[in-house]
Amino acid sequence: MPDILSVIIAAHAPLKIVSLRPENLAAIDFRMMKVFPAFNIIETGLRNGDIGPNTTVVETSSGTMALGLAIVCMHFGLKLHIFGDRAIEPPLKSTIEELGAEVHLVDATASDANVQLLRKQALLDFMDRTGATWSSQYDNLGNRLSYARPAEEAIRQFGKIDVMVATVGSGGSSCGLAHYCRAFFPEMKLVGIDTFGSILFGLPVGRRDLRGLGNSIMPGNLIHEAFDEIHWLGANEAYQAAHQLHRETSLKRGPTSGAAYLVAKWYAERFPQSKVLAVFPDDSNRYEHSVYDSAWLHEHGYRAELAAIEPVLVHHPLRANGGWCRLDWSRRSLAGLMGSPHSAN
Amino acid sequence: MIEIPLELPAHDLRALQSRLPKTSGVATCYPHFGELLQGAFDVAEGGHRRTTRALVSVHTPYADGSVARVTLDPSRRGKFEPEAGHTGIQVRPPHFRKCEIAARLALDAFELKGMSARLEVTTAVPESAGMGSSTSGVVASIRAVAHAVSVYRGVPIILAPHLQAKLAVAAEHSSDSLMFDCTASTVLFAQRIGKIVRMFNGALPQMRILGFDTGSAGGGFDTDRLPRARYSRDQIAAFGCALAVLERAIAEQSVALAGRVATFSATTSETAMQNPLKKPKFNELLRIKEGTGSAGIVVAHSGTVAGLIFDPTLPDLRTRVAEASTAIARLGFDRLCTFSTPY
């Protein structure tokens with residue numbers, strides 16, 4: 001592995017563990033989490049020959065994985081095509097393009113229920129035409145395995161972890177971090193955060209206003225049996241939580257980080273003897289003109305007083321229908337939890 | 001443990017020299033008891049990363065190890081090689097070839113290439129158990145040579161642990177880390193290249209270990225011929241995390257965390273992608289660990305001994321250790337012993 005790239009990765013994502021209040025709460029503050037799976041997937045592909053020097057890499061992403069791959073492919077001199085949607089707004093698009101990647105946006109609004117399927121179809125058509133190689137973040141095991149280094153750093157700086165709170169999209173970070181921590185602390189609780197309209201934990205597919213977590217297709221990297229508890233948050237709850245995170249800690253981060261902060265803080269306050277680690281995947285760059293713009297919030301009807309301030313306990317995913325809900329998942333399979341053999345996709 | 005004249009007051013040095021022939025040296029090396037951690041680690045090296053095999057030995061400084069006696073023979077000079085039978089070293093017992101080669105390499109290192117010597121090694125360490133019988137003899141031989149050369153020349157010799165490591169690995173290809181002082185710091189030692197991969201600030205927390213031999217039921221095996229375990233990418237990645245847990249265990253002096261490292265390493269040794277070294281009744285041992293409040297299970301990764309780690313500050317330590325002893329004896333394992341490590 002060329003070490004210059006690990007220095008670049010460390011510059012993008014320094015792996016700092018930040019102590020927060022209450023004192024049993026801390027966060028792994030990635031700032032750009034997706035450089036880890038991007039690097040591991042590409043490096044493994046190069047090592048085992050799936051990717052050669054002239055390979056064109058393709059991926060479907062709503063933004064952060066695209067940027068991670070653009071950074072890694074630029075350093076390896078690989079061509080990259082991204083299939084995204086309008087969640088990739090013009091500033092991010094030009095950032096990715098300046099790194100040499102091409103961005104194809106499917107014609108659907110970012111919150112459309114089937115947006116991930118449309119992106120995937122465009123990607124498959126492109127592969128048919130060009131013979132490009134799909135890095136496949138949802139199913140590539142290299143995604144999950146890339147979280148060993150972050151887990152190592154979390155343990156080094158925070159010690160034994162009792163509860164980990166992570167947003168879930170591909171399953172890579174949540175299941176990957178938990179896998180490596182549980183090699184030593186098998187009793188560690190994993191709390192996953194999803195959103196309404198995402199099918200990951202048994203909800204019907206639907207419109208999703210909150211992006212950066214959740215999914216409309218079931219990723220192979222998601223292991224349902226790893227989760228002790230699932231929370232669903234609406235977009236307003238996550239946006240207000242991002243502001244709360246900023247006001248209370250001075251860390252200005254994205255709404256996925258806000259979501260993790262909200263849920264992790266709730267745990268840390270309820271269980272003062274447990275050491276709780278929140279996973280903050282991204283920073284606020286992409287959200288200055290939306291979540292961090294009060295006019296935008298007002299225009300879209302996101303108001304602090306409408307956000308749920310504590311979770312409603314539900315006993316079945318189909319009971320989770322807005323605001324902030326939680327369910328005792330107890331490391332069950334999706335089918336086991338839904339009560340019958342059930343195909344979610 | 002290193003007997004170098006420099007450490008003795010001047011009158012003792014004279015007394016020692018008057019008792020011994022002016023060409024003799026004696027030294028010892030204690031054994032170890034498996035490894036707290038052994039595996040393959042991704043380490044940065046010269047701008048690149050490479051996977052290196054390395055280990056953290058569980059030292060047993062209070063146990064009887066090996067004693068080596070070296071007598072130089074300046075009257076018998078020759079052209080010698082570090083090759084058994086051509087070393088110019090008469091070794092007893094004659095099959096201690098690694099000790100013979102180590103003594104030659106040590107003499108060469110002290111610029112006595114033409115010097116012959118007699119070497120006698122006695123060891124209390126059982127072979128194939130994973131307690132460092134070989135390294136203990138080799139290190140004692142190297143130290144005894146240094147002692148003899150110091151006496152012969154009448155000047156002190158500082159025998160750095162790094163030099164002992166280099167000579168030991170040259171003599172036996174793979175060494176345990178017995179040459180390093182386990183009370184000052186903890187080392188992750190690359191057993192096949194003789195180098196420290198990572199140095200941790202401080203000793204391991206003090207642990208009480210109930211040791212036993214899982215090979216006593218079946219036959220032993222030749223550790224030199226043991227095929228090397230091969231680990232998956234996933235396992236190698238997890239070994240990196242083990243270093244973080246170990247660092248916390250040392251910083252917090254936490255037996256609980258050290259135990260987690262040991263159990264992880266023992267479990268990975270059982271499940272290595274290729275050539276796992278399975279301990280008989282490992283799952284039963286894990287159950288006994290859980291049932292008796294032991295912090296972890298330590299194993300020899302190329303040997304037959306294993307042990308349960310206990311926090312010595314547990315209020316009912318004696319009862320727990322007694323319960324665990326009974327349960328382990330019932331599994332048919334013997335050579336039960338308890339000891340304290342690293343001091």
Side-chain angles (χ1 to χ4, degrees), chain A residues 1-10 15 17 26 28 36-37 39-41 43-48 50 140-162 164 172-173 175-188 221 223 275 277, chain B residues 36-37 39-52 188 198 200-201 205 231-273 286 289-290 295-297:
Chain A
M1 171 169 114
D3 225 40
I4 182 161
L5 190 45
S6 52
V7 175
I8 291 287
I9 288 171
L15 288 180
I17 309 300
I28 179 163
F36 289 99
F39 172 75
N40 202 48
I41 287 171
E43 201 250 359
T44 305
L46 286 166
R47 188 147 30 84
N48 65 23
D50 291 343
N140 193 319
L141 191 62
N143 181 348
R144 225 187 304 152
L145 299 190
S146 71
Y147 289 96
R149 266 284 296 137
E152 178 184 346
E153 219 41 60
I155 295 167
R156 175 168 290 124
Q157 296 179 45
F158 193 52
K160 182 171 183 278
I161 303 162
D162 298 309
M164 178 177 286
S173 60
C175 298
L177 288 167
H179 170 68
Y180 290 109
C181 291
R182 282 179 175 161
F184 307 93
F185 313 121
E187 66 279 27
M188 186 190 83
N221 275 317
I223 302 166
K275 289 174 73 184
L277 184 75
Chain B
L36 193 83
L37 175 64
F41 301 84
D42 269 335
V43 290
E45 197 183 74
H48 282 70
R49 297 185 79 82
R50 52 168 290 177
T51 306
T52 303
L188 177 68
R198 185 86 69 92
F200 297 92
N201 288 328
Y231 305 102
S232 66
R233 292 306 305 172
D234 176 42
Q235 288 172 324
I236 292 169
F239 277 123
C241 298
L243 297 182
V245 183
L246 181 62
E247 191 177 317
R248 293 295 299 205
I250 291 164
E252 297 174 25
Q253 287 292 291
S254 161
V255 175
L257 289 179
R260 299 297 179 108
V261 175
T263 306
F264 160 78
S265 192
T267 308
T268 310
S269 176
E270 292 280 312
T271 56
M273 190 175 69
L286 284 177
K289 170 185 92 68
E290 291 297 321
I297 177 164

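On a predicted model such as this, the values are computed, not experimentally measured, just so you know.
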Open item on the list: Is it true that, when you exclude A:N48 itself, more than 12 heavy atoms of the residues, nucleotides or ligands shown sit nearer than 6.0 Å to its CG?
Closed with: yes
Task: Test applied, side-chain contact (heavy atoms from CB on, under 4.5 Å); reference residue, B:C241; option that passes from A:H179, A:E152, A:R149 - done: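 Among the candidates, only A:E152 passes.
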Counting only non-hydrogen atoms closer than 4.5 Å, does [X] touch chain B with its backbone (N, CA, C, O), its side chain (CB onward), both, or neither?
| X | value |
| --- | --- |
| A:F185 | both |
| A:R182 | neither |
| A:Q157 | backbone |

Open item on the list: Return the CD1 to CG distance between B:I236 and A:L145, rounded to the nearest 0.5 Å.
Closed with: 11.0 Å
Open item on the list: Taking the side chain as everything from C-beta on, heavy atoms only, tell me whether B:D234 gets closer than 4.5 Å to A:Y180.
Closed with: yes
Task: Side chain to side chain, A:R47 and B:R233, heavy atoms closer than 4.5 Å - done: yes
- [ ] Please flag which part of B:A249 lies under 4.5 Å from any non-hydrogen atom of chain A: side chain, backbone, both or neither.
- [x] neither
Open item on the list: Please classify the contact between B:R260 and chain A as side chain, backbone, both or neither, with a heavy-atom cut-off of under 4.5 Å.
Closed with: both
Open item on the list: Restricting to non-hydrogen atoms, name the atom on B:L257 and the atom on A:K160 that form the minimum distance, rounded to 0.1 Å.
Closed with: CD2-CB, 4.4 Å
